[in-house]
Amino acid sequence: MDKALTVGRVAFRLNGAPVEAAPHPGERLSEVLRERLGQRDVKIGCNAGDCGACTVLVDGAPVCACLMAAPQAEGRSVETLGGLTSFDPVAQDLAARFEAHGAAQCGICTPGIMVSAVALLRDTPAPDEAQVRDALGGVLCRCTGYRKIIDAVMGTPALPAAGDGVGAAIARLDGHDKVTGREAFGDDVAPPGTLELRVVRSPYPHAAFRFGDLDAWAGATPGVEAVLTAADIPGENRFGVIPPFADQPAFAEEVARFRGEAVAAVVGTPEAMRAFRDEDFPVEWEERAPVMTPEAALAEGAPCLHAGRPGNEMCKGRVACGDADAALAGAEVVAEGSFTTGFVEHAYIEPEAGFAEMDGDKVVVHACTQAPVMDREALEILLGMGPERIRIVPTGVGGGFGSKLDISLQPYLALGAMKTGRPVRLCYTRIESMQSTTKRHPAEMRVRIGAGKDGRIQGFDFFGRFNTGAYASWGPTVANRVPVHASGPYRVTDYRAVSQAVHTHCPPSGAFRGFGVPQAAIAQEQLFDELAERLGMDALEFRILNALRDGEPTVCGQVFEQGVGITACFEALRAAWAEEREEAAAFNAAAGAMRRGVGVAAGWYGCGNTSLPNPSTIKAGIRADGTVVLHQGAMDIGQGANTVITQIFASAFGVPAGSVARIGADTDVTPDAGKTSASRQTFVSGNAARLAGEALRAEVLRRLNASPEARLEFAPGRVRAEGAELDLARLEPDTEGYVLRAEESYDPPTKPLDADGQGHPYAQFGYAAHVAVVEVDTELGRVHPLRFHAAHDVGRAINPLLIEGQVQGGIAQGLGMALMEEFIPGRTENLHDYLIPTIGDMPPVTTHIVEVPDAHGPYGAKGLGEHALIPTAPALLNAVAHATGVRIRRLPATPDVVRAAILEARR
Amino acid sequence: MRYLRPASCDEALGMLSAPDTRIVAGGTDVYPALRDRAPRFDMVDVTGIADLRKITQEDDWLRIGAAATWSELIRHPLPPAFDGLKAAAREVGSVQIQNAGTVAGNLCNASPAADGVPPLLTLDAEVEVAGPEGARRLPLGDFILGPRRTALAPGEMVTAVLVPEPPAGAVSAFAKLGSRTYLVISIAMVSVLATAAEGRIAEARVAVGACSPVAVRLSALEADLAGRPVADLNDLGLVTSAHLAPLSPLSDVRGSAAYRVDAVGTLVRRALLAALEGRNG
């Protein structure tokens with residue numbers, strides 16, 4: 001065959017400049033751009049055209065670089081976000097609008113979104129919303145809920161910001177890098193040519209396995225530098241986020257307990273790893289019968305996953321007060337039902353990725369994470385090494401939502417670097433990310449709720465069984481949180497809630513925005529609607545009547561004398577509720593297949609760990625040159641901690657937030673601000689930042705002999721107030737170069753729960769209520785959300801812009817959970833079988849920010865991250881019921897499920 | 001393993017005569033099928049063959065070159081009989097996919113849920129194939145044999161999709177049903193092409209995808225529709241189970257078999273109403 005036809009080199013224009021590369025046969029344009037041409041602003045989220053993150057312009061047209069053979073770029077023009085924002089005025093204007101709107105949260109999809117938008121705006125400078133949706137329909141975003149993106153592309157005015165302290169709707173302080181493609185995520189930090197690692201995983205949910213001669217195989221396979229198995233783990237082969245339950249091996253030993261569980265890893269040159277295939281690896285499998293549901297796992301004779309957990313029950317949770325049975329027996333009306341939800345996948349667009357290198361005898365892990373110090377603690381046990389020999393340097397995090405709390409690839413990277421002595425990198429494929437990382441717990445719930453003639457809740461009995469998968473992860477937390485929260489934010493005097501977590505041969509269920517509370521709300525809030533209906537009461541007024549108020553005990557017997565904001569949330573929705581119900585009735589007056597409905601639901605969520613310490617520490621210092629430095633260790637996974645914590649610190653200290661230099665999480669230089677979880681960062685780390693700011697301010701004022709109200713002015717090497725001046729250069733700097741410093745911690749006050757779950761689980765709750773408006777196509781069963789009205793009691797809005805972003809993003813995830821998302825092991829392990837909402841699915845949201853200050857929160861602030869999605873799914877399902885008269889009790893409410901329910905009701 | 005870029009069909013055929021070769025055009029099906037692995041076959045990239053990129057009118061036939069993309073089809077001026085095909089083109093994945101993916105590739109991939117097949121069935125499209133034994137043409141219905149199976153013999157390649165002149169005054173529409181908007185694999189889809197006069201349907205062609213191993217025309221329904229008043233399309237019972245007998249849907253994560261059959265009746269009525277009255281049922 002003519003050799004000239006075989007493509008060797010490819011030459012094209014990249015962001016205006018001529019480039020050349022020599023790809024492997026079949027190499028994707030995305031790989032060539034990232035690894036050969038240094039264009040790491042091109043992000044790879046799925047390698048299958050399902051997410052669009054890798055979108056680039058080829059001769060002006062958006063394409064997925066992951067689906068394009070590199071030689072097809074020959075002679076053409078390729079543009080990426082980094083290039084566009086450096087020379088194209090359309091892209092530069094768009095970047096400014098993306099920043100102003102907070103249209104980039106984690107930022108991993110931003111290059112794909114913005115590049116697609118630039119193509120649209122070049123042709124259509126003033127697009128309408130439908131045009132924006134059509135242009136961006138091919139790029140998935142998991143953080144924003146798309147509405148800020150639509151606003152930014154259309155050029156809608158952004159929220160005005162007055163000043164930049166607490167309460168100001170400022171743009172993210174770390175936003176510029178995200179909108180110019182400069183933010184470095186887990187796979188963006190390793191130098192090209194770094195050794196790569198591949199994990200060998202179980203293809204079966206339950207299987208015994210035996211390795212062949214690994215040394216011989218490694219020796220005979222060119223480019224393979226090391227093979228890692230459980231035998232290479234110097235410490236204890238066990239990890240878990242809750243130490244008493246730690247049960248997960250980094251590499252399975254003898255038996256794999258879920259499909260996708262790691263059994264070994266191979267380290268080699270990029271060329272060797274490119275050629276490597278699992279089936280080449282010497283391992284023999286012996287498939288065993290799995291138990292995939294709690295029912296099967298609890299059946300007599302079922303295989304036991306863990307010795308010491310007979311019958312596969314991992315743990316239970318319980319909260320009880322009053323006498324639920326007696327109250328239900330005497331209730332005027334009782335609503336009851338069984339509700340089922342499936343696994344939900346976090347589906348962040350950034351798969352787990354990072355690299356590790358040796359620094360002397362210290363191993364340094366650079367990876368995406370929500371909890372750097374927990375990562376280090378886990379590695380201490382696995383590696384059998386002290387904290388001084390392990391350093392975690394988090395990269396940018398392309399979404400987390402709970403799953404990046406657990407370690408995933410960190411042990412493999414560390415072991416690989418230690419065994420080879422060289423840097424090692426790894427980026428999970430989309431499929432292995434979906435197979436092997438944690439999921440939202442599937443729930444089976446049986447719930448009975450009664451009410452009296454007066455409309456007050458009278459008796460509440462909840463049982464929830466949760467599929468916790470093969471390993472504990474955050475299963476115990478879900479089991480604890482659900483009974484505490486299953487009442488919803490209501491006054492319930494006679495209550496019993498029991499939860500049970502059951503092991504199966506499924507991926508571990510772990511933390512996912514809400515820790516089981518969204519599942520419980522789906523049952524409780526739907527049954528509340530049924531009670532209201534039977535009592536002939538308005539669904540919103542029924543909830544207001546039963547809403548928890550200051551001074552009333554929760555189901556745990558905890559009394560908040562202040563700060564209970566749920567009534568205020570409901571009241572904020574009254575006008576929208578009435579208008580939307582009227583409009584729906586008017587629409588439905590005409591016959592037709594389309595029926596409209598309006599639903600309401602509420603939620604509450606305790607911020608921070610349940611009855612356990614979870615301190616945060618924040619450090620700040622002033623350098624001799626006058627730079628104020630904040631060590632901000634609260635991981636920003638897109639939610640905005642970098643901005644909010646800085647705003648709080650700056651306000652407490654008394655300088656503009658924009659003047660504060662930030663140093664991020666790094667276990668060697670920044671104190672532990674705890675995990676980004678449980679909606680705790682604004683509350684807990686925010687308090688630590690406030691205390692650190694106040695302490696540093698007190699020190700400066702003391703030296704200046706100035707009054708507490710003094711205005712601080714910084715000049716190079718100097719700080720002044722009330723006419724006094726401090727010459728910073730004359731102070732002795734410490735080892736970190738700070739002439740003045742402060743370090744403060746905060747841990748929320750809680751009290752343990754007794755056997756009936758009575759106690760003080762949280763120092764504060766946040767509250768939320770949503771009204772959802774839907775149109776249901778009754779002939780096809782398709783549910784189209786039309787609008788949301790979301791009221792959130794945040795105590796004090798530190799940054800209203802970021803709050804709106806959290807609310808919209810939470811709603812999008814709640815919408816996905818309600819209408820389309822279900823992870824089925826072995827079946828929906830990619831982003832075309834597992835569906836998350838696109839820009840076409842997400843309707844407008846009106847956010848009502850409610851501020852009922854909390855005595856414990858910094859400036860009164862409460863957590864928000866998880867609250868945002870708790871009411872969404874039940875509000876949608878209540879709206880579907882209002883539109884059609886049918887109740888959906890098995891999620892997701894896909895078109896076939898809704899249509900079947902409609903047909904059943906007509907029978 | 002090599003990446004080959006022929007400049008002509010003859011060169012391509014020469015390359016395809018070797019074992020372990022695969023044709024690549026837009027890459028939108030080839031690369032996902034690799035599942036993150038490197039290819040272990042020679043890739044024959046046909047997008048460098050200038051003739052294959054063109055969409056042209058040749059006598060009474062529209063010729064869609066095998067390397068022409070969905071976006072190029074959308075931009076090509078065509079009469080209303082092609083509105084259904086264009087609507088389907090806009091539903092193929094996303095803009096990114098439409099800019100790279102080809103019409104012919106959609107047929108060659110032979111997915112039961114290929115968006116392009118139902119509208120091309122209603123257009124009576126044919127597939128032009130070149131091979132070592134010469135060129136041949138076969139109706140689309142004979143080209144796709146089953147899921148991921150076509151009538152292409154080893155060493156053959158598709159060179160064009162050919163569409164005959166549609167009936168005068170024909171209108172068309174496409175209806176896709178999925179669990180979300182954009183980037184979605186169909187639960188079911190329907191394409192229709194029809195002519196009407198004086199309030200009556202003269203001719204109706206109906207094809208259904210994602211409800212059988214290969215998309216099919218509903219000939220009994222087509223026969224029943226001919227001559228009926230357009231207003232009958234508002235009758236919810238218009239499409240009967242006998243009409244849908246050619247379908248053999250699966251139950252899968254996207255929807256149950258029963259649901260698919262139920263939904264097709266609605267989609268057919270709506271697509272015909274959209275085509276004939278410019279509205280959605």
Side-chain angles (χ1 to χ4, degrees), chain A residues 1-2 5-7 23-28 47-50 52 55 58 61-64 66-69 71-72 116 119 133-135 137-140 274-275 277 429-431 593 779-782 819-820 822 824 827-828 832-833 835-841 892 894-896 899-900 903, chain B residues 1-7 11 14-15 18 24 26-32 34-43 45 47-48 71 90 93-101 177-185 187 236 251-256 258-260 262-263 265-267 270 281:
Chain A
M1 186 160 307
D2 186 353
L5 298 170
T6 307
V7 176
H24 293 290
E27 192 167 327
R28 302 163 193 246
N47 241 0
D50 298 327
T55 300
V58 176
V63 299
C64 290
C66 77
L67 299 183
M68 185 165 173
Q72 292 185 346
S116 304
R133 285 198 305 253
D134 282 347
V139 190
L140 299 178
R274 190 179 156 77
R277 295 193 167 191
T429 65
R430 174 56 54 183
I431 293 168
E779 290 176 357
L780 294 175
R782 184 89 149 75
L819 301 182
M820 62 185 80
E822 184 172 15
I824 302 169
R827 182 61 192 87
T828 58
H832 54 263
D833 289 320
L835 301 182
I836 66 172
T838 69
I839 198 168
D841 298 309
T894 49
D896 62 332
R899 175 65 177 163
L903 289 176
Chain B
M1 159 178 85
R2 295 170 305 169
Y3 190 90
L4 305 165
R5 249 197 144 197
E11 275 177 359
M15 294 165 180
V24 58
T28 58
D29 287 316
V30 170
Y31 279 102
L34 287 171
R35 300 189 75 180
D36 303 289
R37 298 165 160 206
R40 286 189 176 174
F41 47 80
D42 285 349
M43 288 179 151
D45 174 359
T47 61
S71 294
R90 290 189 193 92
S94 61
V95 169
Q96 284 85 340
I97 304 298
Q98 293 151 28
N99 283 338
L177 174 62
S179 289
R180 73 175 176 192
T181 315
Y182 304 118
L183 277 176
V184 68
I185 298 173
I187 302 168
L236 298 184
S251 288
D252 63 14
V253 292
R254 287 182 261 280
S256 68
Y259 172 69
R260 286 185 153 102
D262 173 50
T266 300
L267 294 173
R270 289 188 186 179

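Here is the naming used below: chain letters follow the sequence lines, and residue numbers restart at 1 for every chain.
In this structure, chain B has no heavy atom under 4.5 Å from any part of A:Ala900. Heavy-atom distances place no part of B:Arg260 under 4.5 Å from chain A, backbone and side chain included. Heavy atoms of B:Asp262 lying under 4.5 Å from chain A belong exclusively to its side chain. The part of B:Asp45 that comes within reach of chain A is its side chain, from C-beta onward, which places non-hydrogen atoms under 4.5 angstrom from that chain. Interface remark: B:Val184 contributes side-chain atoms only to the contact with chain A (heavy atom separation under 4.5 Å). Only the side chain of A:Arg827 comes within contact range of chain B, judged by heavy atoms closer than 4.5 Å. Heavy atoms closer than 4.5 Å to chain B are found nowhere in A:Ala119, neither backbone nor side chain. Only the backbone of A:Asp50 comes within contact range of chain B, with at least one heavy atom under 4.5 Å from a heavy atom of that chain. Interface residue A:Ile824: only side-chain heavy atoms are found under 4.5 Å from chain B. Both the backbone and the side chain of B:Tyr182 come within contact range of chain A, with heavy atoms under 4.5 Å apart.
Taken to the nearest 0.5 Å, the OG1 atom of B:Thr28 stands 11.0 Å off from the CG atom of B:Asn99. With rounding to the nearest 0.5 Å, the separation of CD in A:Glu822 from OG1 in A:Thr828 is 7.0 Å. Note: B:Thr266 OG1 to A:Arg782 CZ = 14.5 Å, rounded to the nearest 0.5 Å.
Put simply, the side chain of A:Pro837 reaches to within 4.5 Å of the side chain of A:Met820, judged on heavy atoms. The shortest distance between side-chain heavy atoms of A:Asp841 and A:Ile836 does not fall below 4.5 Å.
Ranked by non-hydrogen atom pairs under 4.5 Å with chain B, the options A:Arg274, A:Arg899, A:Gln72, A:His832 are led by A:Gln72. Contacts with chain B were tallied for A:Met68, A:Arg133, A:His24, A:Glu27; A:Arg133 has the most, counting heavy-atom pairs under 4.5 Å. Between chain B and the residues A:Val58, A:Leu903, A:Asp134, the largest count of heavy-atom pairs under 4.5 Å involves A:Asp134.
Using a 3.5 Å distance cut-off with no hydrogens or angles, the side chains of B:Thr47 and B:Arg5 do pair a donor with an acceptor. Under 3.5 Å, the side chains of B:Gln96 and A:Ser116 contain a donor-acceptor pair of N or O atoms.
In this structure, B:Ser71 contributes its side chain and B:Gln98 its backbone to a donor-acceptor pair below 3.5 Å.
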